[in-house]
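Below, chains carry the letters A, B, ... as their sequence lines are ordered, and counting in each starts from 1.
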There are 2 protein chains.
Amino acid sequence: MDRFVANYTLRLDSKGRVSIPAPYRSILGRDGFDGLYCYPALDRPAIDAGGNALMAEIEALIARYAPFSEAREQFAIALYGTSETLKTDGEGRMILSDTLKAHAGITDAVAFVGLGHKFQIWEPKRFASQLAEATDQVRELRKQLGSQSTAPGARE
Amino acid sequence: MDRFVANYTLRLDSKGRVSIPAPYRSILGRDGFDGLYCYPALDRPAIDAGGNALMAEIEALIARYAPFSEAREQFAIALYGTSETLKTDGEGRMILSDTLKAHAGITDAVAFVGLGHKFQIWEPKRFASQLAEATDQVRELRKQLGSQSTAPGARE
DNA sequence: TGGGACTATATGGGCGTCAATGGAATCGCC
DNA sequence: GGCGATTCCATTGACGCCCATATAGTCCCA
C-alpha cells in the first residue's frame with residue numbers, strides 16, 4: 001500500500017489556498033478519494049488528513065458500538081462532527097476551514113508531514129519545535145540503548 | 001456511501017426558516033428523500049435528522065423486538081410517535097416545529113452536526129459544550145487503547 | 001558532459017455560479 | 001377579508017473553475 005512520507009512546507013495564497021504536495025495527491029488519487037478527508041488531531045495542534053483509508057479507520061472505530069448507544073453518539077460527535085471533506089480545485093489545491101486553521105494555529109504557511117497511512121498538517125514553526133523535541137527524545141533513547149548490552153525491549 | 005460530516009452553524013430568519021447545509025442537502029438528495037425526517041434525540045437536547053437511511057435504521061432497531069412486545073411498543077412510541085417529516089422550500093430551507101425547537105432549546109440559530117448516517121441539530125452553545133465533553137471522552141479512550149499492545153486504529 | 005528544451009509543480013489572479021439570507025407576492029384556510 | 005403559510009424573486013458574499021506565470025527538476029541531444 002502506498003504511504004505518505006517526507007514533509008513539505010508550502011505557502012497559502014491570498015485566497016487561503018494551499019497546494020497538496022504532488023506525491024500526496026497521487027496517493028490520494030490511487031486511494032480513489034476525490035478531495036481530502038481531515039479533522040483536528042486530538043491532542044496536538046495539527047490536522048489529520050487522508051483519504052478512504054483514514055475514513056475507514058474512523059468508521060471502524062465508531063462501528064464497534066451499537067447504533068443509538070450512548071458511546072456511539074459521543075464518538076460520532078467528536079469524530080464525524082469535527083471531520084471535513086475538503087474539495088480540491090483543478091490544480092490540486094484546498095482551502096482549510098477557519099476551524100481547522102485555528103486548531104493548528106495556521107496563518108500563512110503549512111507543513112505537510114507524512115505519517116504512513118495518513119498525514120498531518122502543521123503550522124511550520126510548531127512542527128519544527130515538535131520535530132526537535134521528538135528528535136531529542138529519540139537521541140536520548142539511543143544513548144540508553146547504546147549502554148545496554150542486550151537488545152531493547154524494556155520500556156523506559 | 002456518503003456520510004454526514006462536519007458541523008455548520010446557521011441562523012434562523014425572522015420567519016423561523018433555516019437553510020439545510022448544502023452538503024447535507026446533496027446527500028439527502030442522493031438518498032432519494034424529499035424533505036427531512038427528524039425526531040427529538042432520546043437523551044440529549046438535540047434533534048436527530050436524516051433521510052431514508054435513518055428511517056431504515058430505526059425500523060431495523062424496532063424489528064429486533066417481537067411484535068406486540070412491550071419493548072417494541074415503547075420504541076415505536078418514542079421514535080415513530082415523535083417523528084416528523086419536515087418539508088423544504090425551493091431554497092432548501094425548513095421550518096422546525098415548536099416541539100422540536102423546545103426540546104433542543106433552539107431560538108435564533110442552530111448547529112448542524114454530522115454523525116455519519118444521520119445528523120443532529122443543536123442549539124449552538126449547547127453543542128459547543130457537548131463537543132468538548134465528547135472530545136474528552138474520546139481522548140480518554142484513546143489513552144487506554146494506546147496502552148494496549150495491539151491498538152486498533154487509534155486517532156493520533 | 002554541458003547546455004537547452006521540456007514538463008510538472010507551485011502559485012497568482014479573474015470571473016461566473018451557487019449558497020445563505022432577506023423580503024415580497026401569492027395562495028390557502030378560517 | 002385577515003392572517004398564517006408557502007412560493008417566488010433579489011442581494012451579497014463566498015467558492016469553484018478556468019487560465020496565466022514562474023521555478024525547478026528532468027530529459028534529450030549535440
Side-chain angles (χ1 to χ4, degrees), chain A residues 2 4-30 33-38 49 83-102 106-114 119 121-124 127, chain B residues 2 4-31 33-36 38 49 51 84-102 106-114 119 121-124 127:
Chain A
D2 291 316
F4 297 102
V5 296
N7 70 83
Y8 310 86
T9 298
L10 300 175
R11 298 188 310 145
L12 278 68
D13 66 17
S14 59
K15 294 162 81 175
R17 299 176 296 189
V18 210
S19 290
I20 298 173
Y24 290 5
R25 284 210 300 268
S26 78
I27 294 176
L28 291 170
R30 277 193 290 278
F33 198 83
D34 185 33
L36 187 66
Y37 180 76
C38 56
S83 296
E84 302 182 27
T85 50
L86 304 180
K87 291 167 196 159
T88 57
D89 66 15
E91 284 71 40
R93 288 175 291 193
M94 59 170 176
I95 297 183
L96 293 169
S97 70
D98 290 341
T99 307
L100 291 176
K101 285 198 284 192
I106 290 168
T107 56
D108 64 345
V110 298
F112 292 84
V113 185
F119 61 90
I121 301 173
W122 287 74
E123 192 283 319
F127 171 63
Chain B
D2 291 315
F4 296 103
V5 296
N7 66 83
Y8 309 87
T9 298
L10 300 176
R11 299 188 312 145
L12 278 68
D13 65 17
S14 58
K15 296 156 91 176
R17 299 175 297 187
V18 210
S19 291
I20 298 173
Y24 291 5
R25 285 210 299 267
S26 79
I27 293 176
L28 291 170
R30 278 193 290 277
D31 190 44
F33 198 84
D34 184 32
L36 187 65
C38 56
E84 300 181 30
T85 306
L86 303 180
K87 293 171 201 160
T88 58
D89 68 14
E91 282 73 40
R93 288 176 289 195
M94 60 171 177
I95 297 184
L96 293 168
S97 70
D98 290 341
T99 308
L100 291 176
K101 284 199 283 192
I106 290 167
T107 57
D108 64 343
V110 297
F112 291 84
V113 185
F119 62 89
I121 302 173
W122 288 74
E123 191 284 318
F127 169 62

- Message: Please compare R25(A) and R25(B) by the position of their nearest nucleotide in DNA chain C and report the one closer to 5'.
- Response: R25(A)
- On DNA chain C, nearest-nucleotide positions of S14(B) versus P21(B): which is more 5'? P21(B)
Would you mind reading off the distance between [X] atom [atom1] and [N] atom [atom2], rounded to a whole angstrom?
| X | N | atom1 | atom2 | value |
| --- | --- | --- | --- | --- |
| Y24(B) | dA19(C) | OH | C1' | 16 Å |
| D108(B) | dT21(C) | CG | P | 12 Å |
| Y8(A) | dG25(D) | OH | C1' | 14 Å |
| M94(A) | dA14(D) | CE | P | 20 Å |
| I20(B) | dA20(C) | CD1 | P | 10 Å |
| R93(A) | dT11(C) | CZ | C1' | 6 Å |
| D13(A) | dA22(D) | CG | P | 17 Å |
| L12(A) | dT11(C) | CG | P | 9 Å |

- Could you say whether T88(B) or D89(A) is positioned toward the 5' end of DNA chain D, judged by the nucleotide with the nearest heavy atom to each?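 With T88(B) and D89(A) compared, the 5'-side residue is T88(B).
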- Message: Is it the case that over 12 heavy atoms from other parts of the model lie below 6.0 angstrom from the CG atom of D34(A)?
- Response: no
- Message: For the CZ atom on R11(B), are there more than 12 heavy atoms of other groups (residues, nucleotides or ligands in this structure) within a distance under 6.0 Å?
- Response: no
- Message: Checking contacts here: which listed nucleotide (dT7(D), dT6(D), dT9(C)) is nearest the side-chain heavy atoms of K87(B)?
- Response: dT6(D)
- Message: So, OP1 or OP2 of dG12(C): does either fall under 4.0 Å of a side-chain N or O from R11(A)?
- Response: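 The answer is yes; a side-chain N or O of R11(A) sits under 4.0 Å from OP1 or OP2.
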- Query: How far does CD1 of I20(B) sit from CD of E91(B), to the nearest 0.5 angstrom?
  - Reply: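 So the CD1 of I20(B) and the CD of E91(B) are separated by 12.0 Å.
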Is there a donor on the side chain of [X] or the base of [N] sitting less than 3.5 Å from an acceptor on the other?
| X | N | value |
| --- | --- | --- |
| E91(B) | dC18(C) | no |
| R17(A) | dG16(D) | no |
| K15(B) | dT6(D) | yes |

- Whether F4(B) and Y24(B) hold their rings parallel, tilted or perpendicular, with breakpoints at 30° and 60°: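 Perpendicular: the ring planes of F4(B) and Y24(B) meet at over 60°.
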- Looking at the rings of F112(B) and Y8(B), which for Trp means the six-membered one, are their centres under 6.0 Å apart?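 Between F112(B) and Y8(B), the centre distance exceeds or equals 6.0 Å.
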- Identify whether any heavy atom of L10(A) sits under 4.0 Å from a base atom; if not, whether one sits that close to sugar-phosphate; answer base, sugar-phosphate or nothing. sugar-phosphate
